[in-house]
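Below, chain A is the first sequence line, B the second, and so on; all start at residue 1. Both backbone and side-chain heavy atoms feed into the values below; hydrogens, waters and symmetry mates do not.
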Amino acid sequence: MSSGRETDSGAQRKPHGWLKTLWHKLGSPRWFYDIGGRWLYGFGAFAVVLLTIGTIWGLAVAPIDYQQGNSYRIMFVHVPTAIVAQSCFMLCGAAGMVLLVWRMKMADMALEAAVPIGLLMSALALASGSIWGRPTWGAWWVSDARTVSTLIMLFLYIALYALRGAIPRAEAAGRACAVLAIVGLVNIPIIKYSVEWWNTLHQTSSFSVVERPAMPASMYLPLLLNVIGFYCFFATVLIARMRTLVLKKESGARWVQEL
Amino acid sequence: MAAQETVETFWAFDSFSDFLAMGNHGFYVWLAYGLTFLVLGGLAWQSFAGHARLRRDIAAQARRNTSSPGAPK
């Protein structure tokens, strides 16, 4: 099976068009380590700036909600963590497919690096939702299709994390995680459309990155900044963790020794 | 409508103590934000510290390899 494993020579092979070159480069741990080290700073800087502005704006400048009072300000961290947790799961599923089809090492590392981030993001979304629910719904936890499907996503992340630790052979562990991540993708449309398919207590979405939102700009803009800021934070941490995994798995390679 | 006319300002609150109180929702708002940014900070720290630690280990390993006599170059 060694023919399917990417090596650094993949990047130096004679290019047949830029797309193929990029594909080979993406498969090269060394290329990712170098370029990721530069991308980190861009994403990290954007994350700090956007989250600072968005959070101060949401906490201190955005007007009070006439129905919910100030508890609605929790939305500015609750919605971004929930969105990123779901996007992260889609990334896990996509990485799982790439791993199973092309046996790309980087896809395995992306899946491994993304799981703990998604785990914490879904835990945060549930926690901040729960804290918001206490003054708004009158209970720390209310079971409806949205909250339960999000809880299932958290359990899937925990299962993915445990599964990798439970299987000693790295290759088998990677494949098992890929299968679980792909199967778990079924849950994503259920989370997204739960508020429309079922009569949930959880409100329907009033926010979209591409559509005109059903809330005033003074509330929408800080939320948009925080959503983009959380995505940048996710990218920063994901790249940092993937670079660590590259070093760990390539620690015998000469380019790592010469770092 | 409120009897006293409040001046429209840039800030949503009239004073810093009003800001901290968040109406009567201060506990919930600050708990949610505190928890979120604590976890974010911890995750970022853990991710970067893990990378730095591994770099040090690999460098130490490489030094051991080169300093021992007869080590393959």
Item to complete: Check the pair Arg73(A) / Asn70(A) against side chain to side chain contact (heavy atoms under 4.5 Å, CB included), numbers first and verdict last.
Response: CA-CA 6 Å; Arg73(A) 295 183 196 280; Asn70(A) 284 305; 2.9 Å; yes
Worksheet entry | Steps toward side chain to side chain contact (heavy atoms under 4.5 Å, CB included) verdict (Val115(A), Leu111(A)) | CA-CA 6 Å; Val115(A) 164; Leu111(A) 179 50; 4.3 Å; yes
Fill in: Option among Leu225(A), Leu51(A), Leu124(A), Asn226(A) that satisfies the side-chain contact (heavy atoms from CB on, under 4.5 Å) test with Pro80(A)
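Of all the options given, the one that passes is Asn226(A).
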Discussion item. If you count heavy-atom pairs within less than 4.5 Å of chain B, which of Arg134(A), Arg241(A), Met121(A) leads?
Written reply: Arg241(A)
Worksheet item: Do His25(B) and Trp132(A) come close enough that some side-chain heavy atom pair is under 4.5 Å?
Response: no
Taking the six-membered ring for Trp, are [X] and [Y] closer than 6.0 Å centroid to centroid?
X: Phe43(A); Y: Phe46(A); answer: no
X: Tyr72(A); Y: His78(A); answer: no
X: Phe19(B); Y: Trp11(B); answer: no

Discussion item. Between Lys105(A) and Glu250(A), does any NZ, NE, NH1 or NH2 come within less than 4.0 Å of an OD or OE carboxylate oxygen?
Written reply: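 Salt bridge: yes.
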Worksheet item: Would Glu112(A) and Lys249(A) pass as an ion pair if we require N to O under 4.0 Å?
Response: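 Looking at Lys249(A) together with Glu112(A), the answer is yes, because their closest N to O distance falls below 4.0 Å.
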Discussion item. Quick check on Phe10(B) against chain A: is it the side chain, the backbone, both or neither that has a heavy atom closer than 4.5 Å?
Written reply: both
Item to complete: Go through the atoms of Trp30(B) and report whether side chain, backbone, both or neither lie under 4.5 Å from a heavy atom of chain A.
Response: side chain
Contact winner vs chain A - [options], heavy-atom pairs under 4.5 Å:
options: Ala62(B), Ser47(B), Gly50(B); result: Ser47(B)
options: Leu40(B), Val39(B), Leu35(B), Ile58(B); result: Leu40(B)
options: Arg53(B), Gln61(B), Arg55(B); result: Arg55(B)

Worksheet item: Side chain, backbone, both or neither: which part of Ala60(A) has a non-hydrogen atom closer than 4.5 Å to chain B?
Response: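 Looking at Ala60(A), backbone and side chain both touch chain B.
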Practice prompt. With a 4.5 angstrom heavy-atom cut-off, could you sort out which part of Leu40(A) is near chain B: side chain, backbone, both or neither?
Written response: side chain
Worksheet item: Among residues 149-164 of chain A, which residues come closer than 4.5 Å to chain B, judged by heavy atom distances?
Response: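 So no residue qualifies.
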Discussion item. Which residues pass the ring pair (Phe, Tyr, Trp, His ring centres under 6.0 Å) test with Phe27(B), not counting sequence neighbours?
Written reply: none
